[in-house]
Peer 1: 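Can you keep this structure in mind? I'll have questions shortly.
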There are 2 protein chains.
Amino acid sequence: MFLELRHLRSLLAIRETGNLARAAERLHVTQSALSHQIKSLENYFEAPLFLRNSKPLRLTPAGEKLIELARQVLPLVEGAENDLKRVARGELGRLHIAIECHACFEWLAPVLNRYRQQWPQIEVDIRVGVSFEALPALRKGEVDLVISSDPVKSSDLQFAELFDYEALLVMPADHPLTRRKRIQPADLAGETLITYPVNRQRLDVFSRFLQPAGVEPAAVRQSELTSVILLLVASGRGVAVLPDWVLREAEQAGTLATRPLGPRGLKGTLHAAVRRAEFDTAYLQDFIALARGC
Amino acid sequence: MFLELRHLRSLLAIRETGNLARAAERLHVTQSALSHQIKSLENYFEAPLFLRNSKPLRLTPAGEKLIELARQVLPLVEGAENDLKRVARGELGRLHIAIECHACFEWLAPVLNRYRQQWPQIEVDIRVGVSFEALPALRKGEVDLVISSDPVKSSDLQFAELFDYEALLVMPADHPLTRRKRIQPADLAGETLITYPVNRQRLDVFSRFLQPAGVEPAAVRQSELTSVILLLVASGRGVAVLPDWVLREAEQAGTLATRPLGPRGLKGTLHAAVRRAEFDTAYLQDFIALARGC
DNA sequence: TGAGAAACATGAGATTTACTCAACACCGTT
DNA sequence: AACGGTGTTGAGTAAATCTCATGTTTCTCA
């Protein structure tokens with residue numbers, strides 16, 4: 001392993017100009033440098049690469065082999081270099097997003113549709129975080145952006161606020177609790193609560209509302225899909241607690257009613273986490289801007 | 001254009017071992033060297049290639065692009081290097097033969113058939129020299145070996161003797177001239193002479209036999225193919241002068257007779273000319289040996 | 001055929017590049 | 001808090017690759 005791209009570039013220039021002097025000029029080196037270079041190659045391979053007694057300079061079979069290699073390899077290298085420059089300028093990249101909350105998918109999907117139009121060269125993907133820890137995955141480079149509602153201090157990660165949300169109780173429009181302006185934990189003691197199928201710790205309604213008050217709902221039912229949860233609620237099978245962005249359209253239809261939870265509402269702020277080194281990248285910033293504008 | 005194969009080899013080693021220290025060991029350099037190398041790459045491309053806070057070391061999209069390049073390029077390079085080593089050892093090569101005399105084809109064809117079995121990796125080809133000068137073509141690398149009957153001194157070409165031959169008059173077995181033991185120029189004055197369609201200067205029968213004696217045959221007829229010439233002679237359309245190797249089999253059939261020309265016979269020696277630098281190559285020497293043994 | 005031009009080769013010295021060494025910083029363990 | 005493992009950094013050194021000056025070869029044209 002001695003051959004370097006420099007050699008291939010020289011060889012190709014010599015081949016194309018048909019003489020050392022012109023090739024040297026093109027490569028911005030002296031003719032002597034090229035001569036030495038070729039000699040060292042011939043030395044290494046123990047075979048002449050050019051027929052010296054011929055004008056224009058002609059290749060031996062060994063030389064032809066190297067030219068062939070150069071013709072295959074150099075365009076690939078140039079292509080890759082261009083790609084890399086574009087990566088550096090943020091025109092090319094990967095945006096694998098991890099979401100930990102199922103409901104986020106509801107606002108993320110339309111945002112990504114618009115995003116894809118603006119950044120067709122960015123490879124976009126979503127991973128719903130059930131089986132893996134989002135922040136470690138971000139550190140390891142498995143994903144490039146994490147949607148999270150609790151930012152943490154970290155030297156290598158950076159969080160950006162997206163928007164505030166409020167978790168609301170959703171129930172049929174004719175449900176008895178619609179008479180209350182605000183819901184108290186005890187109000188849910190007699191209800192069937194429909195949730196996403198994840199650990200209770202990760203559901204605000206338990207960790208921040210029911211558990212502090214020591215209240216347990218009459219029953220808990222689970223469903224993966226937001227639309228199914230809404231359907232179950234609408235048909236009177238139970239109540240659910242969902243973020244407001246999910247409910248805006250559903251409420252307008254008139255079949256469902258929503259109420260805030262607790263005296264000040266169950267509020268939070270969504271954040272996007274990215275690796276600090278990449279924070280300023282154009283295509284990441286643009287995703288964040290789009291997510292905020294929603 | 002800054003990237004070198006060295007970088008790709010390093011990157012691949014790092015990727016495969018998952019850490020700088022082990023990669024350095026594999027490449028027989030210090031870990032520090034690798035660190036510097038990567039840093040200079042990241043500097044050049046203005047983009048990080050690795051995520052530092054991860055074990056095993058993980059690539060950024062930019063790094064992935066380079067690894068992809070390495071995976072494409074390095075095998076090609078290695079393949080070419082192997083080929084070149086084989087070219088140097090003479091296991092791989094090209095043998096384009098130029099022949100100036102049509103009749104040479106008769107002995108060359110069977111020689112090449114055997115040769116191809118011994119050297120399947122050598123690309124063999126024959127060019128009958130009508131429209132080009134054989135020795136300049138050899139110097140320029142258009143052909144690799146020239147069959148010639150008159151060796152010349154040259155600093156860059158080397159001639160090797162193959163075998164002696166004698167040009168003989170060939171005629172029908174019942175031709176009046178068969179009564180002569182040897183043929184004199186004047187004997188051909190009344191005959192139709194059948195030759196290959198080339199300049200008279202290049203036909204021994206003219207340049208070395210008839211012209212010195214100032215004799216012109218009654219008629220001259222031309223044919224490309226040795227077998228056609230023999231057919232014409234056998235059917236009494238004329239006589240021909242051909243090298244002995246062509247006539248050995250034909251004579252045995254009994255329909256043709258041959259006689260030497262002039263007091264000492266029209267003799268010569270065939271030579272193989274190659275570029276001096278390649279003279280010692282195994283596959284060329286073996287061709288010469290095969291040609292002699294014929 | 002021989003003088004001159006053009007083109008490649010060569011050797012020595014300079015420059016640049018890449019490497020090693022040694023000290024340091026960081027992280028995760030124990 | 002100390003330690004092992006790992007990557008980073010800066011300075012100094014070694015090696016490679018260049019340039020410059022000159023030599024050699026080849027080709028051209030009178």
Side-chain angles (χ1 to χ4, degrees), chain A residues 1-11 13-44 48-60 63 135-136 139-141 153-157 276-277, chain B residues 1-11 13-44 48-60 63 135-136 138-141 153-157 275-277:
Chain A
M1 286 295 207
F2 161 85
L3 198 66
E4 284 293 347
L5 290 179
R6 175 167 25 92
H7 297 128
L8 296 184
R9 301 196 242 265
S10 300
L11 239 27
I14 294 172
R15 164 72 202 242
E16 282 173 4
T17 59
N19 96 34
L20 280 200
R22 271 196 298 273
E25 198 176 342
R26 176 152 123 188
L27 298 169
H28 306 294
V29 293
T30 59
Q31 166 269 340
S32 166
L34 276 192
S35 181
H36 282 296
Q37 207 177 85
I38 299 300
K39 196 182 156 198
S40 87
L41 270 183
E42 293 182 326
N43 233 38
Y44 173 75
L49 299 176
F50 289 101
L51 298 170
R52 307 317 160 95
N53 312 314
S54 108
K55 262 200 268 187
L57 231 44
R58 227 190 150 85
L59 295 164
T60 62
L135 293 187
R139 285 207 178 80
K140 285 191 202 294
K153 282 222 177 303
S154 166
S155 63
D156 56 344
L157 299 183
R276 194 172 291 278
Chain B
M1 285 294 207
F2 161 85
L3 198 67
E4 284 294 345
L5 290 178
R6 173 169 27 91
H7 297 128
L8 296 184
R9 301 195 244 264
S10 299
L11 239 28
I14 294 171
R15 163 73 201 243
E16 281 172 6
T17 59
N19 95 32
L20 280 199
R22 272 197 298 274
E25 197 175 344
R26 176 150 112 182
L27 298 168
H28 307 296
V29 294
T30 59
Q31 168 264 69
S32 166
L34 277 192
S35 182
H36 281 295
Q37 207 176 89
I38 299 300
K39 197 182 154 200
S40 85
L41 270 184
E42 294 183 325
N43 235 38
Y44 173 75
L49 299 175
F50 289 103
L51 298 170
R52 305 316 158 94
N53 313 314
S54 107
K55 266 194 274 187
L57 232 42
R58 228 188 148 85
L59 295 166
T60 61
L135 293 187
L138 179 58
R139 285 207 179 82
K140 284 191 202 292
K153 281 221 178 306
S154 167
S155 63
D156 55 343
L157 301 183
R275 287 178 291 273
R276 194 172 292 278

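First the proteins, then the strands, lettered A, B, ... as listed; each starts at 1.
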Peer 1: May I have the distance from A/His7 (atom NE2) to D/dA16 (atom C1'), rounded to whole angstrom?
Peer 2: 10 Å
Peer 1: Between CZ of B/Phe50 and CG of B/Asn19, what distance do you get to the nearest 0.5 Å?
Peer 2: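 CG of B/Asn19 is found 10.5 Å from CZ of B/Phe50.
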Peer 1: Considering every strand and a 4.0 Å limit on heavy-atom distances, what is the contact class for A/Ala21: base, sugar-phosphate, or nothing?
Peer 2: sugar-phosphate
Peer 1: Output the rounded distance in Å from CD (B/Glu4) to P (C/dT16).
Peer 2: 18 Å
Peer 1: Check if the side chain of A/His36 and the base of C/dG11 share a donor-acceptor pair of N or O atoms closer than 3.5 Å.
Peer 2: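 Side chain to base: pair present.
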Peer 1: I want to verify a distance call: between D/dC18, C/dC8, C/dC19, whose nearest atom is closest to the A/Val29 side chain?
Peer 2: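 Between D/dC18, C/dC8, C/dC19, the one nearest the side chain of A/Val29 would be D/dC18.
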Peer 1: What pair of heavy atoms forms the shortest contact from B/Thr17 to B/Arg22, and how long is it?
Peer 2: O-NH2, 3.1 Å
Peer 1: Distance check needed: D/dT9 P versus B/Arg52 CZ, whole Å only.
Peer 2: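 That distance rounds to 8 Å.
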Peer 1: Which part of the nucleic acid does A/Gln37 contact within heavy-atom distance under 4.0 Å: base, sugar-phosphate only, or nothing?
Peer 2: sugar-phosphate
Peer 1: Take atom CD of A/Glu25 and atom P of D/dC18, then tell me their distance rounded to the nearest Å.
Peer 2: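 A/Glu25 atom CD is separated from D/dC18 atom P by 17 Å.
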Peer 1: Taking only side-chain nitrogens and oxygens of B/Lys39, does any of them come within less than 4.0 Å of OP1 or OP2 of D/dT8?
Peer 2: no
Peer 1: Distance check needed: D/dT26 P versus A/Leu57 CG, whole Å only.
Peer 2: 13 Å
Peer 1: Starting the side chain at C-beta, find the nucleotide from D/dG7, C/dC19, C/dA7 nearest to B/Ala33.
Peer 2: C/dC19
Peer 1: Looking at B/Glu42 and B/Leu49, would you say the former's side chain and the latter's main chain have a donor-acceptor pair under 3.5 Å?
Peer 2: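 Side chain of B/Glu42 to backbone of B/Leu49: a pair is present.
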Peer 1: Has the side chain of A/Ser32 got a donor or acceptor that lies under 3.5 Å from a partner of the other kind on the base of D/dC20?
Peer 2: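 For A/Ser32, whose side chain was compared with the base of D/dC20, there is a donor-acceptor pair (under 3.5 Å).
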Peer 1: Take atom CG of A/Leu27 and atom C1' of D/dT19, then tell me their distance rounded to the nearest Å.
Peer 2: 15 Å
Peer 1: Rounded to whole Å, please give me the gap between CZ in B/Arg6 and C1' in D/dT17.
Peer 2: 12 Å
Peer 1: Atom CG of B/Leu41 and atom C1' of C/dC19: how far apart are they, to the nearest Å?
Peer 2: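 Going from CG in B/Leu41 over to C1' in C/dC19 covers 15 Å.
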Peer 1: Hey, are the side chains of B/Leu157 and B/Arg139 touching, using non-hydrogen atoms and a 4.5 Å cut-off?
Peer 2: yes
Peer 1: Would you say B/His36 and B/Ser40 make side-chain contact, with heavy atoms under 4.5 Å?
Peer 2: no
